[in-house]
J.: 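First the structure, then my questions, so here it is.
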Protein chains: 4
Amino acid sequence: MLFLSDNAASVHPKVWEAMRAADGPDSPYDGDGHSQALDAKFSAAFGRDCTALWVATGTAANCLALATLCQPHGGVVCHEEAHIEADEGGAPGFFLHGAKLLLVPGESAKLTPEAVRAAIDPIRDDVHQVQPHALSITQASEYGVSYRPDEVAALSALAKERGLGFHMDGARFANATAFLGCSPGEAAGPVDALSFGCVKNGGMSAEAILFFDESLADVAKYRRKRAGHLQSKGRFLAAQLHAMLDGDLWLENARAANAAAAEIATSCGERLMHPVEANELFVRLSPDERESLRARGFEFYDWGADAARFVTAWNTREEDARALAEAIAAL
Amino acid sequence: MLFLSDNAASVHPKVWEAMRAADGPDSPYDGDGHSQALDAKFSAAFGRDCTALWVATGTAANCLALATLCQPHGGVVCHEEAHIEADEGGAPGFFLHGAKLLLVPGESAKLTPEAVRAAIDPIRDDVHQVQPHALSITQASEYGVSYRPDEVAALSALAKERGLGFHMDGARFANATAFLGCSPGEAAGPVDALSFGCVKNGGMSAEAILFFDESLADVAKYRRKRAGHLQSKGRFLAAQLHAMLDGDLWLENARAANAAAAEIATSCGERLMHPVEANELFVRLSPDERESLRARGFEFYDWGADAARFVTAWNTREEDARALAEAIAAL
Amino acid sequence: MLFLSDNAASVHPKVWEAMRAADGPDSPYDGDGHSQALDAKFSAAFGRDCTALWVATGTAANCLALATLCQPHGGVVCHEEAHIEADEGGAPGFFLHGAKLLLVPGESAKLTPEAVRAAIDPIRDDVHQVQPHALSITQASEYGVSYRPDEVAALSALAKERGLGFHMDGARFANATAFLGCSPGEAAGPVDALSFGCVKNGGMSAEAILFFDESLADVAKYRRKRAGHLQSKGRFLAAQLHAMLDGDLWLENARAANAAAAEIATSCGERLMHPVEANELFVRLSPDERESLRARGFEFYDWGADAARFVTAWNTREEDARALAEAIAAL
Amino acid sequence: MLFLSDNAASVHPKVWEAMRAADGPDSPYDGDGHSQALDAKFSAAFGRDCTALWVATGTAANCLALATLCQPHGGVVCHEEAHIEADEGGAPGFFLHGAKLLLVPGESAKLTPEAVRAAIDPIRDDVHQVQPHALSITQASEYGVSYRPDEVAALSALAKERGLGFHMDGARFANATAFLGCSPGEAAGPVDALSFGCVKNGGMSAEAILFFDESLADVAKYRRKRAGHLQSKGRFLAAQLHAMLDGDLWLENARAANAAAAEIATSCGERLMHPVEANELFVRLSPDERESLRARGFEFYDWGADAARFVTAWNTREEDARALAEAIAAL
C-alpha cells in the first residue's frame, strides 16, 4: 500500500482518453487547437482573464513564472522550506539567472505578512543587498496546509504595497481548492502567476502556468522555448489539462485524495504535526512504530528521526486508507 | 497530404502500447525500472558503453549535452544554419550560461575539417576572444544530408586534436542511420554525446541524450533537474524509448520516412537543392508551382522565395508520396 | 615610436592631479562628492539630463548598458566586427545572461538602417528565433570612422520604430566628437545609453556609462555592484572623469590624437582602407614595407596579411607622426 | 575622527609612488612587466607557487575565485554572515551562474568543521538538492576574528575529504596575518584560492586573486576578461600590489590598524561582542552612549540597536584611537 508520493501515481483514465483523442497530425508546438483553447477554459474556471502555458514539470512552471516577476539582480521571498528552495536542484538560480531566494520562516510552511515584513524590512535599500522583487507562496503548503482566501489577500496586499510580483506554487492547488471548498479564483486570489499542478493529481506530464497579466505570458513564451520546454507535440500536454478541467475532474481527483488523507488523520490525534488540509500527513512515529507499519505493507517516507510523511493520491483506495488509519490507531 | 514536418506526426501505436504498459505506480523521476534499463539497451545498440538520459525535447537534449562539453566562457563550433543556432530561441545561450556559438559555413549544412579549421584557426589564443570548447554536428544535417562514418571520424580526430568536446545533434539520427545502412555506432562515430531523436520518428515526448563518458552524464543529471526537465513520471518517457529500440522500430520508422522521401525525389531531378539522404527534400519550385501543388492538397513550407521543403514521416502514406512525386513531375 | 594602441598610453597629468586631489577620507563607493557631481556635469556637457556611472573598463560599460536594454532571451543588433562581438571575450553573453548578438555587415564597421533592416526583417516573429531587443553602434567605429549626426538620427528612428533600445559604444567618442566638430549631444544623438570612453584618451581606469533614462540607470546601479564593478574608493574614478570634462580636456586630448592621425594620413593616399575620422589608420602595407617601417623604429600591429593598423594617442608627438608620414611616403 | 570603514581611507604614499612610477607607455592588459612579475613575488611571499591576478574589487576577487571552484549547479558553503552572502549584491549568483550559497552558522562569523558537517551532511546526495562544491571562509572573519593555522588546516582537511574547493576571502588578510604573527603561507593554509585584499589596507583599486593551482588561474583569466575586469592599463593595479609587498608594507599597514584597534579594545572590556583580532571592534553601546560618542566627534556605524562597529585603518592616528578608548572608558 503506497503512501510515498502522489507524484508517481497512475495516470487517470480520462487523461489517457484525452491524449489518445489528441493524436493525429496537427500543428506543432502550441499551435494546435487543444493548446489554443486553454486560455478560454482556464479563464472561465478562474473567473478572470488568464493566459495558460503548458510545461512538463512543476519546477519549470515555478521557475518560468518567477523569471517574469524577478530580475536577475533581485530576490524572491519564499518560505525557507519552499519547494523552490529545497527540492528543485537550484532551478530558480538557473531560470532567474542568479536571483536569490530570500527565506522566511513560518509555521506549517506558510508565510504571513508579519513574517515577510520581518524578513524584508531589514534589507537596506542599497545596491549591496539583494532587493526583493517577488513573493512566492505554496498552495497547499509543503506541509499540506491551505491558505484561506483572506490570508492570500493579505499577502497580496503586502506584495502590491512593496512592488513585488506575486506567485503561487500550486503543485497541489487542486487539493487546497477542494479542501477550502471555494472557487479556484478564490483559492488563488489576486496572484500574478499560478503554477497549476496536474501531474500529482492524475496527470502524466503537464502542468499549467497561468498568467493573469498577458505581458508576463508573452515573456514566458520566449523563456519556455529557450528552456527547451516547448514540446513539438504539445497537443498531448494540452489534452491532459483539458481532461482535468472538463467536468472538474481535477477537483474530483483532489477530493478523493483529500478524503483518504482525512480518513487516515482521524486516527492520528496528537501525532499530527500539521493540520491535514490537503493530501499529506506528517505524523509523529518512532522508528519502531514505522517499522511495524512497514511490516504490514505500508510504504512511506521517514520525515526526520521521529516522524513519517504519508501522501494520498487520486487513486488511493479507501480500504488502504482505512487500513492505515487502523494500523496507526493500533500502535 | 501533409509534408510540413515530422515533428507533428502521429504517435506510433507501439509507443502508445509501451506507455500504457508503463502505467501503474512506480518510483518517481528516473528511479523506475524502465528508466534504469535504458543504459544497457542503448549500450547494446551502440556497441559502446553509454549512459542514457531522457528529456522531452531536442532543444533540451542538445543544450544539456553541450553544457557538459563547453564552459560558460567558451564556444561551440557549429554550422551557421545548425538548429542550435537558428531554431532554438537562444537556448544554448541559456543552458551554457552565455557561451558563444562559433559559426562555420558548409554545403548542405555539413561541416568539414577544413571549414572548421578555417573558422577556428584565426581565433587568437588570448582572453579577448572566445575560445572553442566543443564541436557540434547534426546527423542528418539541417538539409537532410548524412555524414559518412569517415567524415564523422575526421571531424572527431580534429576535435580531439584541438581538445574540443564532440556532440552530435541526432534529431533525425534514425533517418541518417537508415540511409547509411550502417550500425548506429558507426553512424554516431566516436562522439562524446549524442542527442538521439525520437519525437520526430513516431515518439510523443521523449528524446535521449547518450553520454559515452559517464562523468559527463553525472553532470547532466544535475543540470537536467536544474532545468526542470526531470519529470516525476519519467517512466513514460523511458517507455517511449524502449518502444523505439525494441525490434528496431526506430529504424523501421526511419526507413519508411526515407523511402517516402526517396520516392518523391525520383521526380525532382535538377530541382533538388541537396541530396536526399534522410526524410527531407528541398526543392526548387516557383511561387506558381507551389501554388499549384497546394491547390492539389499538398501542405508544405516555403523555403525562401523559390523553393519548398517537404518532410516525410514514419506514417507518410506511399500513395501520398507517389502523388506528390507525380504532381512535381507534372509541373 | 609607438603606434600600437591608445589603450596603453600614459595618463594625462591633469588626471593624475585630479586623482591626487581626491585623496583623503571620503564616503565609500559612489557616495563621495566627486561621484555625486558627475550627473550634473555630464548633463551640462550633453545638454540633456543624464545619469553617469563610472566603471573601470569599456567592456563593463558596454555590457552593463546593454543589460538594461536587452532581456536575456533577446538579441543585440551590432556590426559583425563590433568590439562587443569580437574583442570582449564573450562578456555580452555573461552580462546579458545568454542574449545573442545579431550581426550586421557594413562598410568601415558602420551600420546603416538598410543593413539593420536586412538583418532583422527576416527574423520570424516567433519564439524559435531570438528577437532583437537593442541596437548598438560604435562612435567612432572599429575602423575609426565617425557617424554623422543624421546617420545616428536615422538609426535611432529605426530603433524607436522597432522598439529597440539604442546604445552607443563610445570608447573613442571623444575622437569622433572632435572630428565631427559638433557638440557631444549631437555626436551621441538620441541614444538611450552611451559608453563614454576615457581610458584610451588619457585616463587611467575610468569610463562613464551615461543613461538618458533614469530608470535604466537605477537598474544598472544594482548590476554594477553585482558585477563587482562598484569600487569602494570610487572617488578616484570620478576624479578622472571630472579631469576630462573640466576645460574640455577630453576634446583637447582627442584633437591632438586626431591631428597626429591626420598628419600620417596625408602620406597614405590610396593605401588607406578607411577614411581617417578619428585616431586610427588602417593602411595597406606589404610585409616588406612593414618590416622596413619597423626597422626604423615604428611599432604597430599587423592588420591581416597586407595591412597595418596605426593608432595615435593624446600624447603622440608631432615629430613622431611626421616621421611616420615621411617614412610611409618614402616607401 | 573616522572609524567608519577602512574601505574609504586614504591611499598610502608608497602606493601613489609606485603608480606614478608605472606610468609611461607599456603593454596593455596584463602584458606589462609589473603584472608579469606578480606571480614570482607572491609565490615568494607565500612560500608556495601561485598565480596572481589583479582585479579592482574584493567582490570580483571572491566571485572570480569561487567561479573556478564551483559549477553553476553546485553550492558554496560559507558563513551565514559572510560578505559574499550579505554584502555583495548577489554577485556570487551572477559570477557562478546561479550556484547557491549554503549557509552555516558559527560564532564570530567563523566556521568550524563540525558546523560545516552539520550543514552539509543532511544534504541528500541526489539531483533534487544542490550539492556543495566549494567551501569559503573569511580571514579575518566579518567580525574581525582570525582563524588559527590549525583551524584552517582542519577546514581544509574536511574540504579535501568531501571534494570541495577551498577559498579564503582575505579582504583583511593582512590584518589577520599581522595579528597571528605568522607567515602569510601559514595564515592562508592550503587554500586553493585566496582573495588578497589591498584596498582596505592603503591601496586604491587593486586586489589580488592568488591561485595555488595554475589550471584554476587559467580559467579565471578568461572569466576576468569576460566580466569586464581586465583593465587595459593594468600596470597601475599591479603597481599597487608591488608597493604593498615591497618591504612588507602590507603587514606594516595592517599592524598599524590592528594596534589602533587593540588600543581602543583596552577600554571596552565586557562591551566587546567579539575578540579583537584584526582592525574591527564590535562594541555594545546604548543609543545614548553612541550619541555621546558622536557628539565628541567620533564617526562610526551602528551595529543593530545596541552596538556599534569601529574600524581602524592603516592611517588611524594613535591619538584618535586613544581618544576613542578614553571616551568609551568614560561612558
Side-chain angles (χ1 to χ4, degrees), chain A residues 2 4-11 13 16 19-20 22-29 31-32 55-64 87-95 97-98 199-200 203-206 221-237 299 313 315, chain B residues 2 4-11 13 16 19-20 22-29 31-32 55-64 87-95 97-98 199-200 203-206 221-237 299 313 315:
Chain A
L2 285 180
L4 285 164
S5 181
D6 44 4
N7 75 356
S10 296
V11 172
W16 278 114
M19 293 176 72
R20 289 308 297 250
D23 207 355
D26 204 337
S27 291
Y29 306 111
D32 63 284
V55 287
T57 66
T59 294
N62 287 335
C63 293
L64 285 168
D87 296 291
E88 299 191 346
F94 179 50
F95 280 84
H97 299 294
V199 174
K200 288 181 160 77
M204 178 195 283
S205 59
K221 285 175 184 173
Y222 284 96
R223 299 288 178 102
R224 176 174 63 175
K225 171 62 196 177
R226 191 175 190 240
H229 279 286
L230 183 67
Q231 297 193 20
S232 57
K233 299 184 182 172
R235 58 193 186 268
F236 295 111
L237 289 90
E299 296 185 60
N315 62 348
Chain B
L2 286 177
L4 285 163
S5 181
D6 43 4
N7 76 357
S10 296
V11 173
W16 277 114
M19 292 177 73
R20 290 307 297 248
D23 205 358
D26 204 335
S27 291
Y29 305 111
D32 64 281
V55 287
T57 66
T59 295
N62 287 336
C63 292
L64 285 169
D87 296 291
E88 299 193 343
F94 180 49
F95 281 84
H97 299 294
V199 174
K200 288 182 162 76
M204 177 194 284
S205 59
K221 285 175 183 173
Y222 284 96
R223 299 287 177 101
R224 176 175 64 173
K225 171 64 196 176
R226 192 174 189 243
H229 279 286
L230 184 66
Q231 298 193 20
S232 58
K233 298 183 183 174
R235 59 192 186 269
F236 295 111
L237 288 91
E299 295 185 59
N315 63 348

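Hydrogens, waters and symmetry mates play no part in the numbers below; they use all other heavy atoms, side chains included. Order of the sequence lines sets the chain letters (A, B, ...), proteins ahead of strands, with each chain counted from 1.
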J.: Hey, which of A:Met204, A:Gln231, A:Arg20, A:Glu88 has the most heavy atom pairs under 4.5 Å with chain B?
T.: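 Winner by heavy-atom pair count: A:Arg20.
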J.: Spell out, as yes or no, whether a donor-acceptor pair under 3.5 Å connects the side chain of A:Lys233 to the backbone of B:Val199.
T.: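 At least one qualifying donor-acceptor pair exists.
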J.: Given a strict heavy-atom distance threshold of 4.5 Å, which part of A:Leu4 is in contact with chain B: side chain, backbone, both, or neither?
T.: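 Answer is neither: A:Leu4 stays 4.5 Å or more from chain B.
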J.: Do A:His97 and B:His97 meet the criterion of a side-chain donor-acceptor pair at a distance under 3.5 Å?
T.: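 There is no such pair between these side chains.
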J.: State the OH-CG distance between A:Tyr29 and B:Asn7, to the nearest 0.5 angstrom.
T.: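 Between A:Tyr29 OH and B:Asn7 CG, I get 4.5 Å after rounding to 0.5 Å.
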J.: Between chain B and each of A:Gly203, A:Ala227, A:Pro92, A:Ala61, count heavy-atom pairs under 4.5 Å; write down the option with the most.
T.: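 So the answer, after comparing A:Gly203, A:Ala227, A:Pro92, A:Ala61, is A:Ala227.
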J.: Cut-off 3.5 Å, side chains only: do B:Thr59 and A:Lys225 have a donor facing an acceptor?
T.: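 Yes, A:Lys225 and B:Thr59 have a side-chain donor paired with an acceptor closer than 3.5 Å.
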J.: Looking at B:Asp23 and A:Ser10, would you say the former's side chain and the latter's main chain have a donor-acceptor pair under 3.5 Å?
T.: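 No, because the side chain of B:Asp23 does not come within donor-acceptor range (under 3.5 Å) of the backbone of A:Ser10.
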J.: With chain B, which of A:Gly24, A:Gly93, A:Ala60, A:Ser5 has the greatest number of heavy-atom pairs at distances under 4.5 Å?
T.: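 The answer is A:Gly24.
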J.: Checking heavy atoms, do the side chain of B:Leu230, its backbone, both or neither come under 4.5 Å from chain A?
T.: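 For B:Leu230, backbone heavy atoms alone lie under 4.5 Å from chain A.
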J.: Give the member of A:Ala22, A:Gly90, A:Gly234 that has the highest number of heavy-atom pairs under 4.5 Å with chain B.
T.: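 Winner by heavy-atom pair count: A:Gly90.
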J.: Measuring heavy-atom distances to chain B, does A:Phe95 have an atom under 4.5 Å in its side chain, in its backbone, in both, or in neither?
T.: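 Contact with chain B is through both the backbone and side chain of A:Phe95.
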J.: When you look at A:Met19 and B:Trp16, which way does the side-chain contact (heavy atoms from CB on, under 4.5 Å) test go after all the steps?
T.: CA-CA 10 Å; A:Met19 293 176 72; B:Trp16 277 114; 3.9 Å; yes
J.: What distance do B:Thr57 atom OG1 and A:His229 atom NE2 have between them, rounded to the nearest 0.5 Å?
T.: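 Interatomic distance, B:Thr57 OG1 to A:His229 NE2, rounded to 0.5 Å: 7.5 Å.
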J.: Check each atom of B:Phe236 against the heavy atoms of chain A and say whether the ones under 4.5 Å are side chain, backbone, both or neither.
T.: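 Answer is side chain: those atoms of B:Phe236 sit under 4.5 Å from chain A.
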